Amino acid sequence: PATAALTCEQLFAIAATTVQFRDQGYSLQQVLAGLRDKEIGAKLSSGEVQVLHKTVSAVYLGSPTAAEIALACKEAAAKK
């Protein structure tokens with residue numbers, strides 16, 4: 001199956017949702033478990049899944065913010 005590229009907007013949305021889940025009392029393991037969905041694995045490359053895991057973990061722990069993730073993503077995309 002073809003994989004879809006992870007966009008900066010999607011990464012921001014995932015980071016923002018991670019903060020919401022954290023603030024609602026979900027554990028980091030519960031949030032990360034959502035990334036193990038077979039549908040996600042089928043649509044994203046293994047590298048993109050790793051980026052998601054790292055992003056969710058970092059944002060859950062409070063650094064960086066969702067906005068900082070989006071900015072870094074856009075800056076990296078501009079350098080390509």
Side-chain angles (χ1 to χ4, degrees):
T3 59
L6 187 61
T7 67
C8 293
E9 291 78 13
Q10 290 169 321
L11 202 55
F12 172 78
I14 291 165
T17 301
T18 297
V19 171
Q20 290 175 345
F21 285 151
R22 180 197 64 204
D23 293 349
Q24 291 172 7
Y26 288 89
S27 71
L28 176 56
Q29 292 307 316
Q30 288 174 307
V31 178
L32 288 173
L35 298 179
R36 294 187 195 105
D37 183 276
K38 290 179 183 176
E39 188 174 318
I40 291 173
K43 291 183 179 179
L44 300 176
S45 70
S46 61
E48 289 171 324
V49 172
Q50 287 179 345
V51 167
L52 280 180
H53 276 265
K54 289 178 183 178
T55 300
V56 166
S57 296
V59 170
Y60 186 93
L61 297 172
S63 180
T65 66
E68 290 169 333
I69 291 287
L71 179 61
C73 180
K74 289 181 181 182
E75 288 174 350
K79 291 179 183 178
K80 288 184 179 180

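As the structure is a prediction and not an experimental result, all values here were calculated from the model.
- Atom OG1 in Thr18 sits 7.0 Å away from atom CG in Leu35 (nearest 0.5 Å).
- Counting all heavy atoms, side chain and backbone alike, Pro64 lies closest to Ile69 at CG-CD1, 3.4 Å.
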Could you go through Ile14 and Val56, starting from their C-alpha distance and side-chain angles, then the distance that decides it, and tell me whether this counts as side-chain contact (heavy atoms from CB on, under 4.5 Å)?
CA-CA 7 Å; Ile14 291 165; Val56 166; 3.8 Å; yes

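- With rounding to the nearest 0.5 Å, the separation of OG1 in Thr17 from CD in Gln24 is 9.5 Å.
- No side-chain heavy atom of Arg22 sits under 4.5 Å from any side-chain heavy atom of Gln30.
- Pairing each heavy atom of Tyr26 with each of Tyr60, the nearest pair is O-OH, 2.7 Å.
- For the atom pair CD of Glu68 and SG of Cys73, the computed distance is 14.0 Å after rounding to the nearest 0.5 Å.
- Heavy-atom minimum distance, Glu48 versus Leu6: OE2-N, 2.8 Å.
- Nearest heavy-atom pair, Leu11 versus Thr55, reported as atom, atom and distance to 0.1 Å: CD1-OG1, 3.9 Å.
- When all heavy atoms are compared, the tightest approach of Ala15 to Val59 is O-CG1, 3.5 Å.
- Linking ILVMFWY residues whenever their side-chain heavy atoms come closer than 4.5 Å, directly or via other members, leaves Val19 and Leu71 in distinct clusters.
- For the residue pair Ala66 and Phe12, the shortest heavy atom distance occurs at O-CD1, 3.3 Å.
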